[in-house]
Amino acid sequence: MKFYKILEMWYLNNKRDLPWRNSSNPYFIWLSEIILQQTRIQQGLDYYKVFIEHYPTVQDLANASEDEVLKDWQGLGYYSRARNLHFSAQYICNELNGVFPSTYKELLKLKGVGDYTASAIASICFNEKTAVVDGNVYRVLSRYFNINTPINSPKGIKYFKELAQELIKDANPKDYNQAIMDFGSMVCKPANPTCDTCVLADGCIAKAKNLINDLPVKEKKLKVKNKFFNFIVIDNGDFTVIEKRTGNGIWKNLYQFPLIETDKPVDDQALIEDPFFKNNYTKNPELTLYNPEPWVHKLTHQHLHTHFWILNTNSIDNFETTPWSNIDDFAVPKLIHNFLEEYNSK
DNA sequence: CAACCGTGGTA
DNA sequence: TTACCAAGGTT
């Protein structure tokens, strides 16, 4: 039996029941695909439910503010996904008369929609034969065909896409694309794949050559940077001060306490030399270090060594203040959220 | 195009 | 504890 046919039959009996699986509404599929980028289903499920409830249609999403959308996205990470989702919703409503793009080529024009997501929506909603290549597909194909080209190299990306496109030629694209992804996550898993009961085991070259644990090959080029964050938590009892992050770095458009970033750990005297204090506090401000041991927030490519400094003062006239009672209205990074949970419970 | 963009789960 | 990685995309 053909490769695609085996997977389609396996899918018929083993596919997972997911909230968006019985829909062909491109808005729902788009939403699910964006949420699931680099994200486990279990982690994304609740967010999907919230978005469907708060924004039942693409118009509802377009009419919302970016702050609202980011607030609903809070905690999920990769926040450009939320910003692009909102931007693209407005693009669809304003430029496309609310009609969702229906081809791979047109879908690619949406911000936040790349080759994978365009292929997924085009195949699932419009039955277009465009093969998805996600982490699952890389794993299944590299093992079955014994391909050791690095999956994160330009050469590998091109090779696997072409192979996947060839394999989908005679398949039902909607079912086949979802089949190979479900199969990858449930059977051909990264660790401890269930090769003993695998329906593709007969033709799997990696299994025959005992190379399952060596595939796929991935070049590692990740170097972790250490950064030192000092958040100034102004607190006069009722009010605090928060700011919106700008620029294109991490956590763009989310809120935080005023931040002083240094290239090494610092004490309060060094912090007071910062322009933040020079410009706003002429007399000696009294800083209390909230956490003597830094909180190390670990991201994929940087470790944030974080200290929270409490500045108990009444001279906050120069700032735009926020009542503590409203603090939960703002989208904040997980790191800030963790601090707020602890600080406000005391 | 190599570097960057979050958070949480697992071996 | 570390390393990997999870329905990737942008610059």
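Because the structure is a prediction, the values reported are computed rather than measured.
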Counting the atoms with a prime plus P, OP1 and OP2 as sugar-phosphate, which does [X] contact under 4.0 Å by heavy atoms, base, sugar-phosphate, or nothing?
X	value
A:Gln302	sugar-phosphate
A:Gly249	sugar-phosphate
A:Ile250	sugar-phosphate

Without decimals, in angstroms, what is the distance between A:Leu76 CG and B:dG6 P? 11 Å
Specify the separation, in whole Å, of atom CG of A:Leu304 and atom P of B:dG6. 10 Å
Nearest-0.5 Å distance that lies between atom CD1 in A:Ile35 and atom CZ in A:Phe51: 6.0 Å
Closest heavy-atom contact between A:Gln37 and A:Thr39? O-OG1, 2.8 Å
Show which residues join A:Leu211 in its hydrophobic cluster (side-chain heavy-atom contacts under 4.5 Å, direct or indirect), or state none. A:Leu215, A:Val217
Other than A:Val50, what residues sit in its cluster of Ile, Leu, Val, Met, Phe, Trp and Tyr side chains whose heavy atoms are under 4.5 Å apart, directly or through others? none
Classify the angle between the aromatic ring planes of A:His297 and A:Trp251 as parallel (below 30°), tilted (30 to 60°) or perpendicular (above 60°). tilted
Where protein sits on nucleotides 1-11 of chain C, one letter per nucleotide: B base, S sugar-phosphate only, - none, heavy atoms under 4.0 Å: -S-SBBBBSS-
Taking the P atom of each, how far is B:dC4 from C:dA7, in whole Å? 25 Å
